[in-house]
Amino acid sequence: MHSIDNVKLDFLRIEDYEDLSEAMRAAYPSMPGVWQRRHIERLVKLFPEGQVVVRVDGKLAACALAIIVEDDLAEEHHTYREITGNYTFDTHTPDGDVLYGIELFVHPDYRGLRLGRRLYDYRKELCEQLNLKKIVFGGRIPNYHQYANELTPKEYIEKVKHKEIHDPVLNFQLSNDFHVVRVLKGYLEGDEASQEYAVLLEWDNIYYTPPQRKPKLNKTVVRLGLVQWQMRLYKGLDDLMQQAEFFVDALSAYRADFALFPEFFNAPLMAAYNHLSEADAIRALAEYTPVISQRFSELAVSYNINIITGSMPLLTDEGKLLNVGHLCHRNGKVEQYEKIHVTPDEAKVWGLEGGKQLRAFDTDCGKIGILICYDSEFPELSRLLADEGMQILFVPFLTDTQNGYSRVRHCSQARAIENECYVAIAGSVGNLPKVHNMDIQYAQSMVFTPCDFAFPANGVKAEATPNTEMILIADVDLDLLRELHQYGSVRNLKDRRTDVYRVERVKQEQVSAGSGMEHPAV
């Protein structure tokens with residue numbers, strides 16, 4: 001290959017026809033005929049941005065042609081003649097939702113320069129720009145004629161995918177993130193090398209947004225606000241809520257979308273009950289929970305911020321003591337989450353019991369999950385939430401020593417990696433000398449990310465100063481997660497071997513608030 005001075009991606013012009021036909025004949029020496037001038041004229045007129053070439057030092061070296069069709073037409077079994085409207089391109093529909101590739105070739109003199117990859121990258125960008133669902137095309141399998149007597153097309157494709165057979169066309173398409181949908185029989189007339197079989201291949205546009213009938217705001221960059229709460233004695237509920245409102249106000253001023261409070265942030269109110277046993281004191285604290293939840297909901301609305309209230313004790317009608325929190329949406333909606341696993345100390349000293357409700361929550365900033373402290377150390381829970389589409393996991397925690405904190409910290413970071421999501425943890429600091437079983441606290445609030453090129457190398461987006469009262473603010477980009485799911489260096493969700501193992505829920509019939517609905521339990 002001689003030295004190259006210039007490689008340029010350009011729109012196809014009708015003036016390029018002679019060069020185009022020469023390059024196409026060179027690329028397909030065994031195929032009958034090339035596109036006629038009238039075909040190219042019509043394509044350029046119908047859909048100019050879909051017809052592109054690569055020029056190397058001014059010479060046409062590669063070409064890609066495409067039309068837009070309806071998804072139903074692309075998905076049903078079809079031939080090349082049918083998808084192109086008998087080569088009239090009457091099937092081109094400007095309002096369609098699929099970019100259909102009808103041609104892509106590289107002149108043999110310029111192979112090895114990855115020009116085909118440039119053309120595919122352009123198509124992907126065009127698909128995203130036009131907000132189309134996907135790219136579809138029928139891919140030739142030119143080496144199939146060598147194996148037609150011993151392998152079906154399906155068997156041939158499987159062996160190509162597992163690198164047992166080399167097919168230059170199919171291998172290239174699979175390496176460009178296209179996946180096989182089905183085999184098309186009788187696709188291209190005269191394609192003897194492929195025995196007239198083709199593989200229907202697709203590339204999904206992860207940014208596709210279905211047309212909305214009403215205005216809807218979908219945030220992609222979400223601002224997280226974490227409250228590293230100082231445990232101190234308060235005069236009463238109003239005093240505690242005044243401090244909570246201070247943090248909500250500050251985070252709202254920074255236009256945060258979420259405010260995350262720690263587990264049992266309201267424990268200082270137990271000082272008034274220190275003369276009681278630990279079990280009775282926390283049950284007295286539980287009486288504040290409905291009021292605190294209501295006041296947080298009012299703050300969420302007035303300060304226009306979603307508030308995750310950490311956790312508080314709740315005494316059920318059946319007399320069970322649970323550890324729960326509330327997601328107070330800024331539109332006024334309130335939803336409850338429960339701690340599934342209680343620590344041995346919580347069970348022995350307080351008589352806490354584990355809850356059963358686990359689910360991801362829809363918010364105006366994506367789908368989130370919430371796990372209270374110890375629950376972060378059980379990977380099955382976050383995996384179930386990931387299966388529901390969780391993008392951000394919030395972990396309010398309370399730990400007394402550094403080794404207890406380290407368990408929450410490292411397990412939470414593992415959850416970010418294995419579930420390809422963001423994880424925010426927030427805890428309390430300081431001492432409570434007048435509250436039994438709540439003497440000391442250790443915390444460093446943090447925001448974790450997956451570990452890939454689009455994220456911090458160490459997977460830490462932001463971190464607070466250890467054992468210091470403060471707020472931590474960090475922006476997370478949900479679009480980066482979509483890219484990671486499809487194109488990450490590793491794909492922990494996509495590559496799971498569900499044929500070998502899986503995590504499943506146990507369903508129990510539970511009546512909640514008289515609804516009689518079935519709720520999935522862990």
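Values reported hereafter were calculated over all heavy atoms of this structure, with side chains retained and with hydrogens, waters and symmetry mates removed. A quick note: this is a predicted structure, and the numbers were derived from the prediction, not measured. Heads up: numbering here begins at 1 and tracks the sequence.
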Which value, rounded to the nearest 0.5 Å, describes the distance between D204 atom CG and L132 atom CG? 12.5 Å
Where at least one partner belongs to residues 405-418, residue pairs that pass salt bridge (charged side-chain N to carboxylate O under 4.0 Å, His left out), sequence neighbours excluded: R415-E418
Which distance, rounded to the nearest 0.5 Å, do you find between the CG of D400 and the CG of L432? 12.0 Å
Separation of L251 CG from L299 CG (nearest 0.5 Å): 12.0 Å
Test side chain to side chain donor-acceptor pair (under 3.5 Å) on E245 and Y303; report intermediate values, then the result. CA-CA 9 Å; E245 184 173 1; Y303 285 99; 2.8 Å; yes
Considering only residues two or more places apart or on different chains, which pairs with a residue in residues 264-283 satisfy salt bridge (charged side-chain N to carboxylate O under 4.0 Å, His left out)? none
Apply the test side-chain contact (heavy atoms from CB on, under 4.5 Å) to residues E70 and D97: give CA-CA distance (whole Å), side-chain angles for both, the deciding distance (0.1 Å), then the verdict. CA-CA 6 Å; E70 295 288 355; D97 46 14; 4.0 Å; yes
List for me each residue that meets ring pair (Phe, Tyr, Trp, His ring centres under 6.0 Å) alongside Y405, sequence neighbours excluded, and say none if there are none. F397, Y442
Across all chains, not counting sequence neighbours, the ring pair (Phe, Tyr, Trp, His ring centres under 6.0 Å) partners of F361 are none
Between the side chain of N176 and the main-chain N/O of F172, is any donor-acceptor distance below 3.5 Å? yes
Of L201, V98, L200, the one forming a side chain to side chain contact (heavy atoms under 4.5 Å, CB included) with F137 is L201
What one should report as the nearest heavy-atom pair of A267 and M438 is CB-CE, 3.3 Å
Who passes salt bridge (charged side-chain N to carboxylate O under 4.0 Å, His left out) against K494, sequence neighbours left out? none
To the nearest 0.5 angstrom, please state how far the CG atom of D387 sits from the CG atom of L493. 7.5 Å
Which atom of S428 lies closest to which atom of A443, heavy atoms considered: O-CB, 3.2 Å
Does D499 have any salt bridge (charged side-chain N to carboxylate O under 4.0 Å, His left out) partners at least two apart in sequence or in another chain, and if so, which? R497
Considering only residues two or more places apart or on different chains, which pairs with a residue in residues 368-380 satisfy side-chain hydrogen bond (donor to acceptor under 3.5 Å, both in side chains)? H341-D375
Residue pairs meeting salt bridge (charged side-chain N to carboxylate O under 4.0 Å, His left out), one or both in residues 470-485, sequence neighbours left out, come to R223-D475, D479-R482
If you look only at distance, which donor and acceptor atoms sit under 3.5 Å apart when one is on a side chain in residues 342-351 and the other is two or more places apart or in another chain?
| from | atom 1 | to | atom 2 | distance (Å) |
| --- | --- | --- | --- | --- |
| T343 | OG1 | E346 | N | 3.1 |
| T343 | OG1 | E346 | OE1 | 3.4 |
| D345 | OD2 | N437 | ND2 | 3.2 |
| E346 | OE1 | K339 | NZ | 3.1 |
| E346 | OE1 | T343 | N | 2.9 |
| E346 | OE2 | K339 | NZ | 2.9 |

Quick note, side-chain hydrogen bond (donor to acceptor under 3.5 Å, both in side chains) partners involving residues 312-324, not counting sequence neighbours, are E263-N323, S311-N323, T316-E318
Specify the closest pair of heavy atoms between A66 and L99, including all atoms of both residues, with the distance to one decimal. CB-CD1, 3.9 Å
Once rounded to the nearest 0.5 Å, what's the spacing between atom CG of D257 and atom CD1 of I305? 7.5 Å
Going by distance alone, is a donor N or O of one side chain under 3.5 Å from an acceptor N or O of the other, for N419 and S382? yes
Side chain to side chain, R182 and E75, heavy atoms closer than 4.5 Å: yes
From F296 CZ over to H326 NE2, what is the distance, rounded to the nearest 0.5 angstrom? 11.5 Å
Return the orientation label for the W229 and F247 ring planes: parallel under 30°, perpendicular over 60°, tilted otherwise. tilted
Of all heavy-atom pairs linking V435 and A271, the shortest is CG2-N, 3.6 Å
Evaluate the ring planes of Y120 and F178, with Trp represented by its six-membered ring, and classify them as parallel (under 30°), tilted (30 to 60°) or perpendicular (over 60°). tilted
Looking at R505 and E388, is any side-chain nitrogen of the basic one under 4.0 Å from a carboxylate oxygen of the acidic one? yes
With ring-ring contact (aromatic ring centres under 6.0 Å, His included) as the rule and sequence neighbours excluded, what pairs involving residues 267-292 come up? none
If you look only at distance, which donor and acceptor atoms sit under 3.5 Å apart when one is on a side chain in residues 445-459 and the other is two or more places apart or in another chain?
| from | atom 1 | to | atom 2 | distance (Å) |
| --- | --- | --- | --- | --- |
| S445 | OG | Q228 | OE1 | 2.9 |
| S445 | OG | G427 | N | 3.3 |
| D452 | OD1 | S489 | OG | 3.0 |
| D452 | OD2 | S489 | N | 2.8 |
| N458 | OD1 | V460 | N | 3.1 |

